[in-house]
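Encoded as structure tokens, the structure appears first; notes follow it.
Counting starts at 1 for both ligands and their atoms, in listed order. Positions are given from 1, in the same order as the sequence printed here. Given the structure is predicted, the values throughout are model-derived calculations rather than measurements.
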Amino acid sequence: MDDYSVFGERERKGWADDSVAENYVTRFGPITDRIAEQLVSVVAPGPGRDILDLCCGQGNLTARLTESGAKVEGLDFSPTMLEKAARAAPAASLRQGDAQNLPYGEASFDAVTCNFGIPHVPDYNRVLSEVRRVLRPGGTFAFTCWAAPEANPAFGTALRAIKTHADLSSAPPQPDFFQFAHRETAETLLQAAGFRLAAHDILHFTWRLDAPGDLFDIYANATVAVSMLLKSQSAEIVDRIRGEMTAKVEADFAADGGYVVPVPAAMIVARP
Ligand SMILES: C[S@@+](CC[C@H](N)C(=O)[O-])C[C@H]1O[C@@H](n2cnc3c(N)ncnc32)[C@H](O)[C@@H]1O
């Protein structure tokens, strides 16, 4: 297997950072909240159901799941995010832990959710087999990731500018962040872990921005891997990336007195 350990350590450090966590919740949170609504409808929580919310982060989905009366566990490795989850989802049982090594017995849950967590984990195959292990027969695994850059104007704009201008030699290797956004890849990986793909849907959302430079600010301040990459670049390179992203937003996404940038996501539902 490729060595993604440096990537994994950076993720661990990044999500524990107060500023990244706060900016993530402010900028990405409003969209991931809306996607959380869809995950709730897929797993149909309710009294008597045991549900694990993996990579629960700020506890937005965790809280919605508890509102149904289900017994909910939230797991995340970031103490900073878990503090937020404790405020958002007081009825949930929260644990600090690694998605690659779940501290639960076999067949403990009726459903497992994971809203935008798996692309951040180095050994995603291990996560899938751990989820399979803790799910009960007939259970549901529902998770999300961002749509691939070629079909995702927000991520496409950012990653194109970075690929064009950045020196990527210092970036640690990492798994393909968008692999589960491709239906066939998702199906192959899930099947190898003992799942059947039940649904793979692209959901459409937008970022409403006040200024064309806001898209750069989001990636520079509210992400882990991209923000670290930008910090490793010279001021001149960062200016070029900011300039290209800002010009693209101004040219292509002006609407409603501001800027509206599509940021679609994939929602994947799998069953044992
Ligand atoms: C993009 S955020 C998603 C937060 C939230 N689920 C949402 O809907 O917005 C990714 C979350 O996964 C957590 N995470 C990343 N890698 C993890 C791992 N290996 N084990 C547990 N949590 C992890 C991070 O701490 C962070 O809270």
Side-chain angles (χ1 to χ4, degrees), residues 4-40 42-43 51-66 72-89 92 94-104 112-131 134 141-147 154-155 172 174-175 177-178 180-181 203 205 207 218-219 221-228 263 265-268:
Y4 297 137
S5 53
V6 175
F7 162 72
E9 269 320 298
R10 286 192 180 192
E11 288 288 317
R12 187 179 283 275
K13 202 169 151 209
W15 288 110
D17 181 282
D18 285 331
S19 161
V20 169
E22 193 55 40
N23 283 316
Y24 172 81
V25 174
T26 307
R27 305 311 297 255
F28 282 88
I31 296 178
T32 70
D33 286 352
R34 290 180 56 206
I35 297 169
E37 280 172 33
Q38 314 246 357
L39 286 170
V40 170
V42 165
V43 300
I51 303 189
L52 170 63
D53 185 24
L54 208 50
C55 301
C56 66
Q58 69 274 30
N60 50 349
L61 171 57
T62 329
R64 284 178 193 278
L65 293 165
T66 60
V72 183
E73 283 275 337
L75 182 129
D76 201 286
F77 67 9
S78 160
T80 316
M81 294 300 265
L82 284 171
E83 272 173 31
K84 296 179 188 301
R87 287 194 292 275
L94 300 172
R95 268 210 222 200
Q96 189 177 359
D98 192 324
Q100 297 160 115
N101 193 12
L102 298 181
Y104 309 104
V112 177
T113 55
C114 187
N115 204 16
F116 298 102
I118 290 182
H120 296 276
V121 182
D123 192 349
Y124 49 87
N125 284 319
R126 169 93 190 170
V127 180
L128 298 185
S129 66
E130 280 290 84
V131 171
V134 303
F141 178 33
F143 65 103
T144 53
C145 66
W146 297 110
F155 278 79
Q174 68 174 85
F177 192 75
F178 302 100
F180 288 96
L203 310 175
F205 299 92
W207 256 318
I218 290 174
Y219 285 91
N221 300 308
T223 64
V224 171
V226 173
S227 73
M228 284 190 187
V263 58
M267 182 169 72
I268 300 114

Considering all heavy atoms of both residues, which atom of Tyr219 and which atom of Val226 are nearest to each other, and what is their separation? O-CG1, 3.8 Å
What protein heavy atom lies closest to atom 5 (C) of ligand 1? Include the residue and the distance to one decimal. Gln58 OE1, 3.4 Å
Checking the side chain of Gln58 only, and the main-chain atoms of Ala85 only, is there a donor and an acceptor separated by less than 3.5 Å? no
Applying a 4.0 Å heavy-atom criterion (strictly less than), which segment of Ala21 is in contact with ligand 1: side chain, backbone, both, or neither? neither
Atom indices of ligand 1, in the order listed, that fall short of 4.0 Å to a heavy atom of Asn60: 5 (C), 7 (C), 8 (O), 9 (O)
Asp98 heavy atoms within 4.0 Å reach ligand 1 at atoms 18 (C), 19 (N), 20 (N)
Which residue holds the protein heavy atom closest to atom 12 (O) of ligand 1, what is that atom called, and what is the gap in Å? Cys55 CB, 3.2 Å
Does the ring center of Phe7 lie less than 6.0 Å from the ring center of His120? no
For the residue pair Trp15 and Tyr24, is the inter-centroid distance of their aromatic rings smaller than 6.0 Å? yes
Return yes or no for this condition: an N or O of Gly117 is under 3.5 Å from an N or O of ligand 1. no
Looking at Asn60 and Gly29, would you say the former's side chain and the latter's main chain have a donor-acceptor pair under 3.5 Å? no
Any sub-3.5 Å donor-acceptor pair from Thr144's side-chain atoms to Ala266's backbone N or O? no
Report the part of Thr32 in contact with ligand 1, treating N, CA, C, O as backbone and CB onward as side chain, heavy atoms under 4.0 Å; options are side chain, backbone, both, neither. side chain
For ligand 1, is any non-hydrogen atom under 4.0 Å from Val121's backbone (N, CA, C, O), its side chain (CB onward), both, or neither? side chain
Numbering the atoms of ligand 1 from 1, which are under 4.0 Å from a heavy atom of Ser78? 25 (O)
On a heavy-atom basis, which atom in Cys56 and which in Asp76 lie closest, and how many Å separate them? N-OD2, 3.4 Å
Taking Asp53 for its side chain and Thr62 for its backbone only, find out whether a donor-acceptor pair lies under 3.5 Å. yes
With atoms numbered from 1 as shown, which atoms in ligand 1 lie under 4.0 angstrom from a non-hydrogen atom of Gly57? 4 (C), 27 (O)
List the steps and the verdict of ring pair (Phe, Tyr, Trp, His ring centres under 6.0 Å) for Phe178 and Phe180. CA-CA 6 Å; Phe178 302 100; Phe180 288 96; over 10 Å; no
Given Trp146, Phe28, Phe116, Tyr24, identify the one with the heavy atom nearest to atom 9 (O) of ligand 1. Tyr24
Is the shortest side-chain heavy-atom distance between Thr113 and Phe143 below 4.5 Å? no
For Met81, the ligand 1 atoms whose distance to one of its heavy atoms is below 4.0 Å: 27 (O)
One residue to check: Asp33. Relative to ligand 1, which of side chain, backbone, both or neither has a non-hydrogen atom less than 4.0 Å away? neither
Among protein heavy atoms, which sits nearest to atom 8 (O) of ligand 1, and what does the distance come to when rounded to 0.1 Å? Asn115 ND2, 3.0 Å
Do the rings of Phe28 and Phe155 sit parallel, tilted or perpendicular, given the 30° and 60° boundaries? tilted
Atom 20 (N) of ligand 1 [closest protein heavy-atom partner, distance rounded to 0.1 Å]: Ala99 N, 2.9 Å
Treating Arg126 as the side-chain partner and Gln100 as the backbone partner, does any N or O pair qualify as donor plus acceptor under 3.5 Å? yes
Should Gly97 be listed as contacting ligand 1, given a heavy-atom distance under 4.0 Å as the test? yes
With heavy atoms only and a cut-off of under 4.0 Å, state how Phe77 meets ligand 1: side chain, backbone, both or neither. both
Mind checking whether Cys56 has a heavy atom under 4.0 Å from ligand 1? yes
Among all protein non-hydrogen atoms, which one is nearest to atom 13 (C) of ligand 1, and what is the separation to 0.1 Å? Asp76 OD2, 3.3 Å
Under a 3.5 Å distance rule, please check whether Thr223 uses its side chain to pair with a backbone N or O of Ala225 as donor and acceptor. no
Hey, does Glu11 sit under 4.0 Å from ligand 1 if you only count heavy atoms? no
Counting heavy atoms under 4.0 Å, the part of Arg12 that contacts ligand 1 is neither
